[in-house]
Amino acid sequence: MKLINAKCGAQILDTQLTIWETFVSVGTQPKSQYVLSYKVKRNIQNTQEKITLEKNNDSIKIVGYDVSLAE
């Protein structure tokens with residue numbers, strides 16, 4: 001996060017949810033996965049940020065966080 005803030009700017013001016021996806025598996029080993037993609041307007045360089053979450057039983061955890069430079 002320090003590198004992202006240094007290169008793109010620590011100040012977030014605006015966010016926009018661009019894509020959200022849900023995958024749910026039921027059965028003996030139920031599992032849910034959620035993907036959220038955001039356009040993030042920062043004070044130096046805008047980014048595209050994707051957060052991946054997984055739910056196992058009653059626990060939801062962040063399993064991925066990807067940041068790329070926006071065009």
Side-chain angles (χ1 to χ4, degrees):
M1 290 304 291
K2 288 181 183 181
L3 180 62
I4 293 166
N5 289 342
K7 186 173 184 174
C8 301
Q11 186 178 11
I12 295 176
L13 306 173
D14 190 33
T15 60
Q16 179 184 2
L17 180 65
T18 56
I19 299 170
W20 62 273
E21 300 172 348
T22 302
F23 171 78
V24 177
S25 173
V26 294
T28 57
Q29 294 180 337
K31 179 177 155 182
S32 301
Q33 186 176 59
Y34 311 96
V35 179
L36 306 168
S37 290
Y38 290 90
K39 281 185 181 179
V40 180
K41 184 176 180 182
R42 294 174 174 265
N43 56 317
I44 297 172
Q45 169 74 45
N46 296 340
T47 57
Q48 183 74 29
E49 304 187 20
K50 181 172 84 170
I51 303 165
T52 305
L53 305 141
E54 281 188 4
K55 178 180 178 185
N56 289 315
N57 300 318
D58 291 332
S59 175
I60 297 176
K61 295 182 180 179
I62 298 172
V63 294
Y65 187 77
D66 182 53
V67 178
S68 59
L69 299 178
E71 296 179 8

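Given the structure is predicted, the values throughout are model-derived calculations rather than measurements.
Connection of Trp20 to Val67 is established within a shared hydrophobic cluster, with ILVMFWY side chains joined at heavy-atom distances below 4.5 Å, either directly or through further cluster members. In the hydrophobic clustering of ILVMFWY residues, with side-chain heavy atoms under 4.5 Å counting as a link, Leu53 and Tyr65 come out together. Ile62 and Ile60 fall within the same hydrophobic cluster, defined by Ile, Leu, Val, Met, Phe, Trp and Tyr side-chain heavy atoms under 4.5 Å apart, directly or through other members.
Residues Leu36 and Leu17 have side chains in contact (heavy-atom distance under 4.5 Å, counting atoms from C-beta outward). Side-chain contact between Gln33 and Glu54 is present, with at least one heavy-atom pair separated by less than 4.5 Å. Put simply, the side chain of Lys50 reaches to within 4.5 Å of the side chain of Val35, judged on heavy atoms. With a 4.5 Å cut-off on side-chain heavy atoms, Asn5 and Arg42 count as touching. Leu69 has its side chain within reach of Cys8: a pair of non-hydrogen atoms, C-beta onward, lies under 4.5 Å apart.
Other residues, nucleotides and ligands contribute more than 12 heavy atoms inside 6.0 Å of the CG atom of Leu13.
Interatomic distance, Ser32 OG to Phe23 CZ, rounded to the nearest 0.5 Å: 8.5 Å.
Across all non-hydrogen atoms, the minimal contact from Ile44 to Lys7 is CG2-O, 3.5 Å. Minimum interatomic distance between Ala70 and Gln45 (heavy atoms only, all atoms of both residues): O-NE2, 3.2 Å. Closest heavy-atom contact between Asn46 and Lys41: OD1-CA, 3.3 Å.
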Under the criterion side chain to side chain contact (heavy atoms under 4.5 Å, CB included), I'd like the reasoning laid out for Gln48 against Lys39: C-alpha separation, chi angles, the key distance, then a yes or no. CA-CA 5 Å; Gln48 183 74 29; Lys39 281 185 181 179; 3.4 Å; yes

